[in-house]
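Have a look at the structure below, then the notes.
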Amino acid sequence: MLSASGLYCERDERVLFSRLDFDISAGRVLQIQGSNGSGKTTLLRILCGLNADYEGELRWEGKLINATVEHFRAGMFYLGHSPGINKALTPMQNLRWFCANRGFADDAAIIAALEEFGLSVYRDIPCFQMSAGQQRRVSLARLPLSGASLWILDEPFTALDRRAVADLEARIAEHASSGGAVILTTHHPLQLSCALEIINLDERGPQ
Amino acid sequence: MPQFQFDSLGDFLSMGGDAFFVWGAYAFFAVSMIWHIIQPGMQRRKVIRLVRARMQRDQQ
Amino acid sequence: MWQWLYRLGSPKLFYDMTTGFLPWLTIVTYFLLIVGLVWGLGFVPPDYQMGDNFRIAYIHIPMSVGAMGIYAMMACMAAMHMIWNIKLADLVARSCAALGATYCALSLVTGSLWGKPTWGTYWIWDARLTSMLILLFVFIAIMALRSAYDSENSGSKAASVLTLVGVVNLPIIHYSVVWWNTLHQGDSILGVSSQSANPPEVWSPAFFVGLGLIGFFFQALIRRTRNEILLHERRSQWVQQLLTSKQLQE
Amino acid sequence: MNLSGSRQTLGTGASLAATLQRELLIILRSPGDIVNPLMFYVIAVSLFPLGGQADAEWLSGIAAGVIWVTALLAVMLSMESLFRSDYEDGSLEQLLLSPQPLYFHLLVKVLGHWLLTGLPLVLLTPVLAMMLALPGEAYWPLLLGLLLGTPTLNLIGAIGMALTVGLKRSGVLLAVLVLPLSIPVLVFGSGMVQTTLNGLPYTGLAAVLGALLVMTVSLAPLAIGAALRISVN
């Protein structure tokens, strides 16, 4: 699906990682581990195409990324630190725009997604009236809607209660088993029902 | 060879009454040119010192 | 076809090439400047109309032309940096900005100092002086934007984008200022003196000074770019080896 | 809400409409972003008679210039609400990562922003022109000029905003970057009023302003897209 070869990134006089090669294919979950400041977020932002300050090559389904940007973006979903939803709008409006960005309109699916994340009662309430955890769940509600095969999740478990964490873990495992792939970073000890590969940026060390 | 236009140094300095403007303009010109001669040299020394310090730090 | 572009764009190649070439350029530049200026200041007969203050033209006109030329060069470098991602082009553009702003400011200062004896005021809203003023604003804006970013990479890219936006806008700004000028005043007086048929002995020192200033620009640009290269390539093997060698006395 | 649940795929046009609707919704939800630039515009214009004299002769002479300069500054101030909130809450990243063509989405977003900040400014102008004792025949060229000029200023301001959205204190820097670039619009806009006062036709200048608008509409989104990718980097 997505493969990286010879990734090198330097930030503020420190080499975060160099000669980093890996690839991720359907059905696999990859966790990027490392202490704070080891470049986890930077690596994820490079993979999803937000950060261009790197050397090395990224390939999506065999072809160089900049040749298939459109296809890559349709098949990938990036969840960053910031929720990505506008606080002045309601969850419904936020998700409707998200779907329009992905090229479809499906209010029933949005309602179903909000239902799954226990937010149906908040459907038409502006997001600033909701707690951080609830806003996080609205942001996570985009996962089933995105229809993306590759999920790139940066600390997805922050501000979630125990039940929501377990629910998200199940969803990740289910996505992997149904032919998707997930790359994530988290400080939370993961209990996934499927295989988990780990890349630790500290142990690799910036050779 | 064109011959010198002014009778004396004093006449040259007075520049036909517009001394302030001509020499003012050339003064600004000279100051800028000198600045652009010195500044790269100082920058070079600063850069070399910076990089050498970094090299020492990397070697430890 | 791209290989030679990348090879040409390698900072090390630029550094090695200019090491030998720079002293000669400096000598030729100083020679041209000294000859041109002494000749223009001392040996050219005073102008029948303006007396001696037309000697300011010997630096005013090359400065104005130089400022616009430097911006054009900076725009080419910015384009090469944005399109082919050649880092050397950005290092050159970075050095161009400071020099361009100086040439621009000097053109304004000499223009206004020349304006006082000729028209009685330091500043006239003449089309070319106003366009030069706006060009100075754009130079300063580019330098301000470049330094506003913490990460050097983003700052360079942002400055390149602004340079390219500027290069599209500057001809339009110049045209609008020229039109605006005809709305309020007759044709610009400044233009008259430089287009009037100057006899060769008035014109030839300007040739020396003009070439000298172009030489001076490139000489200062190369020195600044070499510093930027050393700073940018500090981690690379050839810079560290160069710096440890004894003969580098500074 | 169509509950039929059938999933329709949206063409680019429909998803652009969704972006426009979202932009209008966001700005309407925070009315300060609409009212504050207008208040600045009115207050700044009324400062001039207080600063100078109040006699009609002097005022009408500077009316066009005053209105155009304050309109320009008001547009700059209203730029803050364009990308800032999207940058902070992460939706800007989603926009950059969406498979949709960024060029048209940015164009729709800026023009949507213009609809709620630039257009009211144009509609408010006759009141201010009256305050500055502008002669009667100059109203229409002033309005037409602003109608053609403010979207161009919005787009140029959007370029500056996109370049500085990632920086901490970028208010003044935005002005330093953008004001030199908006000089042609200012010159031709207020020039339209001057030529009308001189009794000459202003249609030629309106054509030039229109040409500037078309050029900016076609080129600015490219610069905005590149600048946003840098700021989000």
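Naming: A, B, ... by sequence-line order, numbering from 1 per chain.
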* Contact part of D/Ile159 toward chain C, heavy-atom cut-off under 4.5 Å: side chain, backbone, both or neither? -> side chain
* If every non-hydrogen atom of C/Val165 is compared with every non-hydrogen atom of D/Ala223, which pair is closest and at what distance? -> CG2-CB, 3.7 Å
* Who wins among D/Leu186, D/Val185, D/Leu212, D/Val187 for the most heavy-atom pairs under 4.5 Å with chain C? -> D/Val187
* Under 4.5 Å from a heavy atom of chain D, the part of C/Asp150 involved -> side chain
* Measuring heavy-atom distances to chain C, does D/Thr195 have an atom under 4.5 Å in its side chain, in its backbone, in both, or in neither? -> side chain
* Measure distances from D/Leu205 to the heavy atoms of chain C and classify the residue's part below 4.5 Å as side chain, backbone, both or neither. => side chain
* Give a yes or no on this: more than 12 heavy atoms of other residues, nucleotides or ligands lie within 6.0 Å of atom CZ of D/Phe104. => no
* Asked: When D/Leu181 is tested against each of C/Val168, C/Leu162, C/Ile172 for side chain to side chain contact (heavy atoms under 4.5 Å, CB included), which residue passes?
  -> C/Leu162
* Given side chains that start at C-beta, do those of D/Leu179 and C/Phe137 come closer than 4.5 Å, heavy atoms only? -> no
* Asked: Which pair of heavy atoms, one from D/Pro184 and one from C/Ser176, lies closest together, and at what distance?
  -> CA-OG, 3.7 Å
* **Other residues, nucleotides, ligands: >12 heavy atoms within 6.0 Å of C/Tyr175 OH** => no
* Atom CD1 of D/Ile230 and atom OG of C/Ser160: how far apart are they, to the nearest 0.5 Å? -> 7.5 Å
* To do: Identify which of C/Leu170, C/Leu145, C/Ile140, C/Val138 forms the greatest number of heavy-atom pairs closer than 4.5 Å to chain D.
  => C/Leu145
* Any side-chain heavy atom of C/Phe139 sitting closer than 4.5 Å to one from D/Pro180? -> no
* Can you tell me how far the CD1 atom of D/Ile156 sits from the CG atom of C/Asn169, to the nearest 0.5 Å? -> 6.0 Å
* Determine the minimum heavy-atom distance between C/Ala141 and D/Val176, stating which atoms define it. => CB-O, 3.7 Å
* To do: Can you measure from OG (C/Ser131) to CD1 (D/Ile183) and round to the nearest 0.5 angstrom?
  => 9.0 Å
* Closest contact, heavy atoms only, C/Ala148 versus D/Leu173 -> CB-CD2, 3.7 Å
* Asked: Ring centroid separation for D/Phe188 and C/Trp180, is it under 6.0 angstrom?
  -> no
* Any chance you could measure C/Tyr149, atom OH, to D/Asn233, atom CG, to the nearest 0.5 Å? => 9.5 Å
* Side chain, backbone, both or neither: which part of D/Leu177 has an atom under 4.5 Å from a heavy atom of chain C? -> both
